[in-house]
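By convention here, the first residue in the shown sequence is residue 1.
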Amino acid sequence: QVQLVESGGGLVQAGGSLRLSCAASTRTFSLYTMAWFRQAPGKEREFVAAITWMTIGTTLYGDSVKGRFTISRDNAKNTVYLQMNSLKPDDTAVYYCAGDRFLAVHPKMGKGDFDFWGQGTQVTVSS
């Protein structure tokens, strides 16, 4: 069982930046493909970004965040990051970290692909 703990959320003005972190409690973190999802009130959980396991580092982004968000990982720290720039009010949501072992990144990646989830961190972007 892997525990994922997100941090870094908060309140930011439109156009600002935040960096989210997700720490994993596993010695085999490098074997996990990691992802970020988000869920706004009354909406479905939406895929944001994913990064493959090991040092392959292939990334995938949701259309709404391409060019603004960057996912990265530090296997030595068992941590995955989401750098969010040029934030918009529509980015307001609870952001969730997710992971699963040996998972291939693919264009239709969704919440059903991941077995392990964090409890989420709130990001609020004011206009």
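- Between the side chain of Ser86 and the main chain of Arg68, no donor-acceptor pair closer than 3.5 Å is present.
- In this model, no donor atom of one side chain and acceptor atom of the other lie less than 3.5 Å apart for Asp100 and Thr33.
- Using modelled atom types, one side-chain atom of Thr121 and one backbone atom of Gly9 make a donor-acceptor pair closer than 3.5 Å.
- Using a distance-only test at 3.5 Å, with no hydrogens or angles considered, a donor-acceptor pair links the side chain of Arg73 to the main chain of Thr52.
- Val94 and Phe116 are members of different hydrophobic clusters when ILVMFWY side chains are connected at heavy-atom separations under 4.5 Å.
- Looking at Glu6, its side chain does come within 3.5 Å of a backbone N or O of Cys97 through a donor-acceptor pair.
- Using a distance-only test at 3.5 Å, with no hydrogens or angles considered, no donor-acceptor pair links the side chain of Ser30 to the main chain of Asn75.
- Using a 30° and 60° split on the angle between ring planes, Phe37 and Phe114 fall in the perpendicular class, above 60°.
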- Are Lys66 and Asp63 close enough, and set up right, to give a salt bridge (charged side-chain N to carboxylate O under 4.0 Å, His left out), and what steps lead you there? CA-CA 5 Å; Lys66 282 180 183 176; Asp63 288 342; 3.2 Å; yes
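- Shown here for Ile71 and Val80, the closest heavy-atom pair between the two residues is CG1-CG2, 3.9 Å.
- Checked against the 6.0 Å centroid criterion, the rings of Trp36 and Tyr96 do not qualify as a close aromatic pair.
- In this structure a side-chain-to-backbone donor-acceptor pair under 3.5 Å is missing from Thr26 to Ala24.
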- Between Leu87 and Gln13, is a side-chain contact (heavy atoms from CB on, under 4.5 Å) present by the stated rule, with each step listed? CA-CA 8 Å; Leu87 283 161; Gln13 288 188 331; over 6 Å; no
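- Between the side chains of Arg38 and Ser64, at least one donor N or O lies within less than 3.5 Å of an accepting N or O.
- Ala14 and Ser127 make their closest contact through CB-CA, 4.4 Å (heavy atoms, listed as atom of the first residue, atom of the second, distance).
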